[in-house]
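Written below as structure tokens is the structure these notes are about.
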Amino acid sequence: GKKVYFNNPMWPGEAHSLAVEKVLYKGNSEFQESSTYGKVLVLDGIVQLTEKDECAYQEMIAHLPLCSIPSPKTVLVVGGGDGGVLREISRHSSVEQIDICEIDKMVIDVSKRFFPELAVGFEDPRVHLYIADAVDFLRCAPKGKYDAVIVDSSDPVGPAQELVGKPFFETVARALRPGGVLCNMAESMWLHTHLIQDMIYTCRQTFKGSVHYAWASVPTYPSGVIGFLICSTDGPPVDFINPINPIEKLEGALKHKRELRFYNSEMHSAAFALPSFLKREVTFL
Ligand code: AAT
């Protein structure tokens with residue numbers, strides 16, 4: 001296949017290349033098939049997911065928060081139009097309502113065409129889809145409605161820029177019940193410590209429960225890792241590190257037609273172990 005370089009502004013001066021076998025679709029958004037990572041979803045030139053490693057990102061961003069609270073019932077997904085995070089949430093039989101607010105309908109349509117393993121998440125009858133900017137959606141969300149909010153959004157350039165600001169986090173905290181949890185995509189510890197610091201600083205002011213950073217290996221994201229900022233609101237304390245709602249005890253999660261590929265309770269706890277440089281840089285705040 002032809003080698004294609006992806007120049008992600010979150011990774012200046014570096015490029016990740018994939019051998020592209022076939023371009024499956026090209027609109028404002030692009031979808032490609034690579035030889036080693038399966039199909040690839042590229043938005044505005046940036047790799048959003050590949051078939052091979054999406055399990056690591058989607059499983060972690062969904063189960064880190066949902067396994068940290070007892071029987072979650074109402075969940076909001078911000079972004080996530082491919083459906084992969086919905087697929088993971090649907091493993092939790094305690095969940096009664098899954099709202100998703102995605103800004104770009106095309107991501108959903110194309111995912112349904114080319115990524116059935118992810119778009120399957122939309123088939124869950126508990127899912128309610130809203131096509132809107134999450135900034136507006138959360139401004140209008142009822143106070144205390146959600147047990148968990150999962151922000152599966154793009155890098156903070158373009159439409160996702162506001163999703164890392166204090167006003168946005170304040171609306172998330174308001175929409176969560178006391179002791180509710182937020183799990184937010186939080187970039188790479190190798191490349192974006194300043195951004196991570198800013199997000200942690202803002203979230204410590206906004207989320208009066210606790211604020212933690214976790215991470216996982218995702219080879220096709222900048223520098224091969226991705227972080228998660230995980231926070232709780234004031235209320236019943238949440239022990240993020242030792243999951244109170246372990247996936248191994250959830251019948252529906254393991255009976256699910258697709259096996260978990262990455263997440264388990266050991267990976268959950270391990271994700272909160274931070275390298276010394278990051279501890280120094282993020283914990284003094
Ligand atoms: N699970 C795939 C990973 C993604 S996709 C991010 C999604 O967030 C996109 O579908 C995009 O349309 C949506 N999005 C961006 N901004 C907003 C907004 N303001 N409101 C609602 N949805 C939005 C993320 C990959 C992370 C890449 C890490 N380098």
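Because the structure is predicted, anything quoted here is derived from the model rather than measured. Counting starts at 1 for both ligands and their atoms, in listed order.
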Quiz prompt | Lys/Arg-Asp/Glu bridge criterion (N-O < 4.0 Å) met for Glu170, Arg174 | solution = no
Exercise. With heavy atoms under 4.0 Å as the rule, classify the contact between Ile226 and ligand 1 as side chain, backbone, both or neither.
Key: side chain
Exercise. Find all atoms of ligand 1 within a distance of less than 4.0 Å from any non-hydrogen atom belonging to Asp82, and give their numbers and elements.
Key: 1 (N), 2 (C)
Practice problem: Below 4.0 angstrom from a heavy atom of Ala132, which ligand 1 atoms are there? Numbered from 1 as shown, please. | Solution: 20 (N), 21 (C)
Quiz prompt | Closest protein heavy atom to atom 17 (C) of ligand 1, given as residue, atom name and distance to 0.1 Å | solution = Ile103 CG2, 3.8 Å
Quiz item: Is it true that Arg87 and Glu54 make a salt bridge, defined as a side-chain N closer than 4.0 Å to a carboxylate O?
Solution: yes
Practice problem: Would you mind telling me which of Leu41, Asn8, Val40 makes a side chain to side chain contact (heavy atoms under 4.5 Å, CB included) with Val47? | Solution: Val40
Quiz item: Leu43 to ligand 1: N or O pair under 3.5 Å?
Solution: no
Quiz item: Of all the non-hydrogen atoms in the protein, which one sits nearest to atom 8 (O) of ligand 1, and at what distance?
Solution: Gly79 CA, 3.4 Å
Practice problem: Output the list of atoms in ligand 1 that are nearer than 4.0 Å to some heavy atom of Cys101, sorted by atom number. | Solution: 21 (C), 22 (N)
Quiz item: Going by the order shown, which atoms of ligand 1 are within less than 4.0 Å of some heavy atom of Asp104?
Solution: 12 (O)
Quiz item: Taking both backbone and side-chain atoms of Asp155, is any N or O found less than 3.5 Å from an N or O belonging to ligand 1?
Solution: yes
Practice problem: Report the relative orientation of the aromatic rings in Phe6 and His16; use parallel for angles under 30°, tilted for 30 to 60°, perpendicular for over 60°. | Solution: tilted
Self-check item: Option of least heavy-atom distance to atom 9 (C) of ligand 1 (set: Gln58, Glu102, Met10)
Solution: Glu102
Quiz item: Could you state the interatomic distance from CG (Leu274) to CZ (Phe272), rounded to the nearest 0.5 Å?
Solution: 9.0 Å
Quiz item: Around Gln97, counting heavy atoms of other residues, nucleotides and ligands shown, do more than 12 lie under 6.0 Å from its CD?
Solution: yes
Quiz prompt | Single hit among Lys105, Arg113, Lys112 for side chain to side chain donor-acceptor pair (under 3.5 Å) with Asp109 | solution = Lys105
Exercise. Considering the heavy atoms of Pro222, write down every atom of ligand 1 situated less than 4.0 Å from one of them.
Key: 29 (N)
Self-check item: Any N or O of Val78 closer than 3.5 Å to N or O of ligand 1
Solution: no
Quiz item: Using 30° and 60° as the class limits, which term best fits the ring planes of Phe114 and Tyr25: parallel, tilted or perpendicular?
Solution: tilted
Quiz item: For atom 3 (C) of ligand 1, what is the nearest protein heavy atom, given as residue, atom name and distance?
Solution: Asp152 OD1, 3.3 Å
Exercise. Would you check whether Ser153 reaches within less than 4.0 Å of ligand 1, judged by its heavy atoms?
Key: yes
Quiz prompt | Nearest-contact summary for atom 15 (C) of ligand 1 - protein heavy atom, Å | solution = Ser154 OG, 3.1 Å
Practice problem: Name the closest protein heavy atom to atom 20 (N) of ligand 1, giving the residue it belongs to and the distance to 0.1 Å. | Solution: Ala134 N, 3.0 Å
Quiz item: Counting each atom of ligand 1 from 1 as listed, which ones have a heavy atom of Ala160 under 4.0 Å away?
Solution: 16 (N)
Quiz item: If you measure from atom 18 (C) of ligand 1 to every heavy atom of Asp133, Ile131, Val107, which option wins on shortest distance?
Solution: Asp133
Quiz prompt | Side chains of Glu187 and Pro222 in contact at under 4.5 Å (non-hydrogen atoms) | solution = no
Self-check item: Given Thr50, Thr220, Asp152, the one that forms side chain to side chain donor-acceptor pair (under 3.5 Å) with Tyr57
Solution: Asp152
Quiz prompt | ligand 1 to Gln48 polar contact by distance, N or O atoms, under 3.5 Å | solution = no
Practice problem: Using a cut-off of 6.0 Å, state whether more than 12 heavy atoms not belonging to Lys145 lie near its atom NZ. | Solution: yes
Quiz item: Parallel, tilted or perpendicular for Phe137 and Tyr130, by the 30°/60° rule?
Solution: tilted
